[in-house]
Amino acid sequence: MKHRIVVLGAGYAGAYAAGTLARRLSPEGTEVTVVNAESDFVQRLRLHQLAAGQEIDAPRLADVFAGTGIRLRLARVTAVDPERRIVAVADADGGGELGYDTLVYALGSHGDDRGVPGVAEHAFDVAARPSALRLRERLDSLEKLGEGVNVLVVGDGLTGIETATEIAESRPRLSVTLVARGELGAQLSAGARSHLRQTCDRLGVTVLEHTSVEAVEETRVLCADGTALAADATVWTAGFAVSSIAAAGGLEVTENGRIVVDRTMRSLSHPDVYAVGDSGYVIGDNGRPLPMSCASAGYTGRQAVDAIVGRLTGGKIANTKLEYPGNHISLGRQDGILQLVDAEGQAKPKYMGGRKAARIKAGIVRMSLWATSHPTFGLPKRKHHLATAPKTSAAEKAVA
């Protein structure tokens with residue numbers, strides 16, 4: 001019987017892991033199945049552009065995995081039972097169950113309402129393709145109303161900054177306000193913060209710092225200081241959260257539901273499960289947790305693949321670097337910031353801003369799409385056969 005590898009999610013981490021596993025492992029002994037709710041690959045890095053009115057590529061996953069031997073199951077994951085090694089899914093035909101021997105959990109993250117009343121009912125977000133399209137439709141309708149329409153972006157993280165500046169540049173008839181809980185760009189160097197503020201001024205983005213939102217209503221948001229801010233559309237970008245599926249299934253998770261893994265992305269509680277991308281709680285080489293990001297997805301996906309191939313074939317498991325080099329921020333299509341960080345995750349004094357930074361960010365996005373669309377590029381043609389018994393260390397036996 002073949003060793004069944006099931007990959008949940010086909011985002012940056014999941015698509016890469018699935019394609020690479022299928023290329024490196026012989027189909028004589030393994031079969032790889034990908035479960036994903038959408039038929040296309042979603043460029044999450046560019047969903048703020050989609051919401052702003054731009055068109056972005058969405059390659060069909062069937063084309064991405066063509067020739068790899070991967071089985072694609074278009075369905076929504078509803079539950080994971082790691083004791084029985086079963087995944088429950090729902091689709092147009094009612095769904096069913098998939099058995100696995102090795103599970104790669106790559107379900108990513110979604111917008112986090114942080115328990116603020118009214119966010120779920122009244123706010124928009126750019127955390128997923130459907131919600132970004134809903135925001136796009138809303139902005140289309142608001143533009144027809146003319147001047148004086150208010151778009152409020154809540155959240156001063158990178159997603160909020162990119163969303164506010166993108167909308168302001170693409171839709172100059174709309175008045176855009178960015179609500180920051182603390183200082184705008186606090187994670188950046190002094191020079192980069194100054195560049196960000198100047199860009200917001202140039203694009204007409206009003207910035208409200210040290211402002212906490214306590215409730216969202218249909219046409220306004222209520223702040224902790226009693227202020228009410230008018231909003232024809234409120235865009236919520238105040239953080240990300242992961243699905244409760246892993247926790248509900250009994251996997252060891254953090255307080256916010258991310259799967260706790262070892263250096264090879266293997267679940268500490270269930271060694272047949274690997275978590276990659278936003279779903280995993282990963283300690284980087286600097287001793288700090290890796291942030292939810294595309295860069296982290298690449299590193300963790302590569303490490304999980306190396307570990308799975310090594311254990312199944314009895315080979316050596318290489319350690320992939322686990323680091324976060326810095327922030328690449330787009331400020332519309334003609335401006336950007338590249339901010340490198342040191343080993344402690346703190347911003348270095350020097351930064352790059354302007355059109356060159358924007359071109360580099362655009363290149364990074366194109367490269368990420370290309371690499372995801374060609375998951376087997378550059379890999380050796382020889383496929384590895386499974387060992388008689390997968391390699392297991394004494395420590396791993398103890399966990400099992």
Side-chain angles (χ1 to χ4, degrees), residues 9-20 23 34 36 38-68 106 108-109 126-129 132-133 136 157-167 169-170 192 195 199 237 276-278 290-302 305 320-321 323-341 351-379:
Y12 292 104
Y16 169 85
T20 308
R23 180 62 182 271
V34 174
N36 199 64
E38 293 200 37
S39 60
D40 301 330
F41 173 73
V42 177
Q43 291 193 74
R44 191 169 180 183
L45 286 175
R46 300 183 64 191
L47 287 180
H48 61 288
Q49 293 178 242
L50 181 66
Q54 301 163 33
E55 298 301 327
I56 63 175
D57 293 331
R60 293 179 63 248
L61 290 174
D63 296 333
V64 170
F65 297 135
T68 63
S109 60
V126 293
R129 186 178 177 185
L133 288 172
R136 177 176 177 149
L158 304 188
T159 302
I161 291 170
E162 292 192 326
T163 301
T165 52
E166 199 74 53
I167 293 175
E169 182 183 81
S170 297
H195 182 90
T199 302
T237 64
V276 297
D278 292 354
L290 288 181
M292 295 182 181
S293 69
C294 179
S296 299
Y299 293 138
T300 57
R302 191 174 305 120
V305 168
T320 299
K321 64 179 180 180
E323 62 180 9
Y324 188 74
N327 299 313
H328 307 86
I329 311 166
S330 64
L331 305 175
R333 297 299 87 211
Q334 304 300 320
D335 203 346
I337 293 174
L338 299 187
Q339 176 69 74
L340 299 181
V341 301
Y351 78 99
M352 178 186 295
R355 291 194 175 188
K356 185 176 182 180
R359 288 195 295 268
I360 293 176
K361 172 62 184 287
I364 291 172
V365 171
R366 287 195 298 270
M367 181 180 66
S368 298
L369 174 62
W370 192 93
T372 304
S373 301
H374 301 79
T376 62
F377 178 78
L379 294 178

Grab the two heavy atoms, one from [X] and one from [Y], that are nearest each other, plus how far apart they are.
{"X": "V34", "Y": "A10", "result": "CG1-CB, 4.0 Å"}
{"X": "S296", "Y": "L290", "result": "OG-CB, 3.7 Å"}
{"X": "A358", "Y": "Q334", "result": "CB-C, 3.9 Å"}
{"X": "A357", "Y": "L338", "result": "CB-CG, 3.9 Å"}
{"X": "P291", "Y": "Y324", "result": "CG-CD1, 3.5 Å"}
{"X": "G332", "Y": "T165", "result": "N-OG1, 3.7 Å"}

What distance do [X] atom [atom1] and [Y] atom [atom2] have between them, rounded to the nearest 0.5 Å?
{"X": "R333", "Y": "R359", "atom1": "CZ", "atom2": "CZ", "answer": "13.0 Å"}
{"X": "L369", "Y": "D57", "atom1": "CG", "atom2": "CG", "answer": "6.0 Å"}
{"X": "H195", "Y": "I329", "atom1": "NE2", "atom2": "CD1", "answer": "9.5 Å"}
{"X": "S330", "Y": "K361", "atom1": "OG", "atom2": "NZ", "answer": "4.0 Å"}
{"X": "E162", "Y": "R46", "atom1": "CD", "atom2": "CZ", "answer": "11.5 Å"}
{"X": "S170", "Y": "H48", "atom1": "OG", "atom2": "NE2", "answer": "9.0 Å"}

Among L50, L133, T159, I167, the one residue meeting side-chain contact (heavy atoms from CB on, under 4.5 Å) with V126: T159
Option among D335, I161, I337 that satisfies the side-chain contact (heavy atoms from CB on, under 4.5 Å) test with T199: D335
side-chain hydrogen bond (donor to acceptor under 3.5 Å, both in side chains) assessment of E166 paired with Q54: CA-CA 10 Å; E166 199 74 53; Q54 301 163 33; 2.8 Å; yes
Step-by-step side-chain hydrogen bond (donor to acceptor under 3.5 Å, both in side chains) determination, S368 to R44: CA-CA 11 Å; S368 298; R44 191 169 180 183; over 6 Å; no
Set of side-chain hydrogen bond (donor to acceptor under 3.5 Å, both in side chains) partners for D40, sequence neighbours left out: R129
With sequence neighbours excluded, residues passing ring-ring contact (aromatic ring centres under 6.0 Å, His included) with F41: Y12
Residues L158, H328; criterion side chain to side chain contact (heavy atoms under 4.5 Å, CB included); working and verdict: CA-CA 9 Å; L158 304 188; H328 307 86; over 6 Å; no
Hey, does the side chain of [X] reach the backbone of [Y] with a donor-acceptor pair shorter than 3.5 angstrom?
{"X": "T68", "Y": "F65", "answer": "yes"}
{"X": "S373", "Y": "V64", "answer": "no"}
{"X": "N36", "Y": "G9", "answer": "no"}

